[in-house]
Number of protein chains: 2
Amino acid sequence: MTAGSTADHPDPSDERPATPRPKSKKAQAQQRRTRRTARLTYDDWVDGALNLLSREGVAAIKIPRLCQELGVTKGSFYWHFDDIEQLTTAMADRWSATQSETVRELGAFVGIPVEERIEKMAAMLVDRRHWLVETTVREWSRSNPKVAAAVRTLDQEVFETVHRTMLDLGFDEYQAGLRAGAMVYIGLGLIHGRDNLPTPTTAQVHSVIELLARP
Amino acid sequence: MTAGSTADHPDPSDERPATPRPKSKKAQAQQRRTRRTARLTYDDWVDGALNLLSREGVAAIKIPRLCQELGVTKGSFYWHFDDIEQLTTAMADRWSATQSETVRELGAFVGIPVEERIEKMAAMLVDRRHWLVETTVREWSRSNPKVAAAVRTLDQEVFETVHRTMLDLGFDEYQAGLRAGAMVYIGLGLIHGRDNLPTPTTAQVHSVIELLARP
DNA sequence: ACCTGAACACCGTTCAAGT
DNA sequence: ACCTGAACACCGTTCAAGT
């Protein structure tokens with residue numbers, strides 16, 4: 001996947017208006033609630049859409065709904081975007097950037113003692129906050145390739161980190177890959193299956209991790 | 001108009017027309033390709049929809065598309081169904097009945113030696129045929145509560161079977177629940193995550209199961 | 001009993017016209 | 001540069017009218 005040209009006509013310079021907004025304090029203040037006169041920028045649309053997404057879910061990402069939210073007509077939307085897919089792509093890009101926080105958090109794991117790492121991983125798995133976001137985003141990823149790509153990157157990053165930890169614990173390549181894979185797939189299973197089966201307790205998660213991390 | 005109409009009211013006898021079709025060989029032959037004169041039954045619609053689903057995916061379940069497929073107009077659809085949700089519900093019911101095959105297959109596991117059970121479970125996990133169906137149905141379940149319920153039942157049934165196996169292997173209640181949960185969540189993770197991470201080999205799946213099934 | 005045909009609301013998309 | 005307003009295609013739904 002080169003560059004990011006989603007459409008079938010390659011014109012990279014046109015893909016994203018590069019946000020040439022002057023945006024004085026006046027405009028910035030007006031953005032607070034009832035914006036009426038201030039023109040919208042590309043970023044305003046993406047912000048508004050992500051805002052809507054988090055508040056009302058993936059079903060609310062409809063052009064009329066968004067236009068109502070921003071106080072403009074549908075024609076305005078199509079001045080900024082080629083189609084609704086470009087919007088979701090932009091949303092996915094923005095989300096990817098934001099979510100790098102989680103990746104950094106994972107990267108920091110490598111610096112700390114292995115025992116603590118296991119503790120932290122167990123904590124991340126049981127953290128309900130994560131699940132809410134993850135479920136929404138992964139549902140969204142089913143209908144959006146860009147989001148799917150971002151999720152895939154995160155999954156691989158998680159695997160790498162866990163894999164590294166297993167190697168640091170003294171497992172050979174095969175065993176480390178095995179156990180890391182099991183852990184990551186358990187995590188993915190938890191994200192998708194927690195509604196169908198009794199959610200494991202922190203103690204149980206901890207026990208399983210110990211089981212897989214012990215030689 | 002409230003007489004015998006299939007409106008949105010509790011009237012069990014009316015809920016499902018009970019398929020009172022005579023359906024002679026003539027009609028049955030005509031159903032093959034270009035049906036034109038034969039009237040459609042409730043079951044014809046459900047069959048056609050499931051057929052479409054398997055051939056063209058969840059996106060093809062549109063009323064105009066289905067009508068074109070069956071050679072009738074949209075009005076016909078609304079004589080048989082209250083809305084599109086009732087169609088998908090009927091499809092889910094039919095699928096649930098079909099899928100009981102998998103459940104029976106699982107039930108039969110309890111009768112065989114534990115070592116073989118583990119073999120069979122590993123085989124089911126690696127069987128690509130399962131994944132294709134599972135992925136489609138589980139994607140569908142995200143937008144259809146009836147399908148979601150059927151999937152949940154299956155998941156619980158799988159957990160019960162694995163749990164039983166762990167108990168039969170000699171684990172106590174806590175350990176059996178722990179290890180069964182880990183296995184099932186790994187399976188769910190595989191269904192959803194196989195595109196994001198390298199798919200484990202049969203040998204690897206086997207190793208992990210042995211790891212979790214060994215005291 | 002089963003279906004047609006036309007209508008309506010709603011969403012995505014286009015475009016000429018405005019400022 | 002950014003937006004309005006009106007149009008069109010498409011999908012879900014309703015309903016009077018046909019056989």
Side-chain angles (χ1 to χ4, degrees), chain A residues 6-9 13-14 16-24 27 30-31 35-46 48-49 52 56 58-89 143-144, chain B residues 1-8 13-14 16-24 27 30-31 35-46 48-49 52 56 58-89 143-144:
Chain A
T6 324
D8 30 16
H9 37 243
S13 66
D14 217 2
R16 200 175 189 274
T19 65
R21 81 186 133 167
K23 191 66 131 317
S24 60
Q30 213 138 19
Q31 189 185 311
R35 50 135 282 113
R36 281 180 56 202
T37 51
R39 320 294 264 255
L40 293 174
T41 67
Y42 189 91
D43 286 345
D44 289 336
W45 281 94
V46 180
L52 238 191
E56 305 188 9
V58 74
I61 304 303
K62 300 285 165 61
I63 293 172
R65 177 75 191 83
L66 227 195
C67 289
Q68 166 194 329
E69 188 76 8
L70 296 176
V72 290
T73 61
K74 295 193 286 182
S76 172
F77 172 86
Y78 282 97
W79 188 89
H80 292 280
F81 302 90
D82 290 338
D83 49 34
I84 205 176
E85 197 199 331
Q86 192 183 319
L87 202 222
T88 51
T89 298
S143 57
N144 186 312
Chain B
M1 58 187 81
T2 47
S5 65
T6 46
D8 43 351
S13 65
D14 217 0
R16 201 174 186 274
T19 64
R21 80 185 134 172
K23 193 65 138 306
S24 60
Q30 211 139 19
Q31 190 185 310
R35 50 135 283 121
R36 282 180 55 201
T37 51
R39 318 291 263 260
L40 293 174
T41 66
Y42 188 91
D43 286 345
D44 289 337
W45 280 95
V46 180
L52 240 189
E56 305 188 9
V58 73
I61 304 302
K62 299 286 165 61
I63 293 172
R65 179 74 191 82
L66 226 196
C67 289
Q68 167 195 328
E69 189 76 7
L70 296 177
V72 289
T73 60
K74 295 192 286 180
S76 172
F77 172 86
Y78 282 97
W79 189 88
H80 292 280
F81 301 90
D82 289 338
D83 49 34
I84 205 175
E85 197 198 330
Q86 191 184 319
L87 203 223
T88 51
T89 297
S143 57
N144 186 314

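Just so it is clear, the values below take in all heavy atoms, side chains as well, and ignore hydrogens, waters and symmetry mates. Each chain gets a letter, A, B and so on, in the order the sequences are listed, and its residues count up from 1. Owing to the predicted nature of the structure, the values given are computational and were not obtained by experimental measurement.
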- Pairing string of DNA chain D (Watson-Crick or G-U wobble, both atom distances under 3.5 Å; | = paired to other strand) is ||.|||||...|||||.||
- Message: Check the phosphate of D/dC3 against A/H80, side-chain N and O only, distance under 4.0 Å to OP1 or OP2. Yes or no?
- Response: yes
- From OG (B/S76) to CD1 (B/I63), nearest 0.5 Å: 11.0 Å
- How many angstroms lie between atom OH of A/Y78 and atom CG of A/L87, to the nearest 0.5 angstrom? 9.5 Å
- Sequence neighbours left out, what passes side chain to side chain contact (heavy atoms under 4.5 Å, CB included) with B/Q68? Give chain and number order. B/R65
- Message: Does any part of the side chain of A/F77, heavy atoms only, come nearer than 4.5 Å to the side chain of A/V72, both counted from C-beta?
- Response: no
- Query: Can you give one letter per nucleotide of nucleotides 4-15 of chain D, going 5' to 3': B for a protein heavy atom under 4.0 Å from the base, S for sugar-phosphate only, - for none?
  - Reply: BB-----SBBBB
Closest non-hydrogen atom pair, [X] against [Y]:
| X | Y | value |
| --- | --- | --- |
| A/L52 | A/A60 | CD1-O, 3.7 Å |
| A/K62 | A/A59 | NZ-O, 3.5 Å |
| A/L70 | A/W45 | CD1-CE3, 3.4 Å |

- Message: In this structure, how many angstroms lie between the C1' atom of D/dG18 and the CZ atom of B/R39, rounded?
- Response: 10 Å
- In whole angstroms, how far is the P atom of D/dC2 from the CH2 atom of A/W45? 12 Å
- Looking only at atom types and distance, does a side-chain atom of A/H80 sit under 3.5 Å from a main-chain N or O of A/D43, one as donor and one as acceptor? no
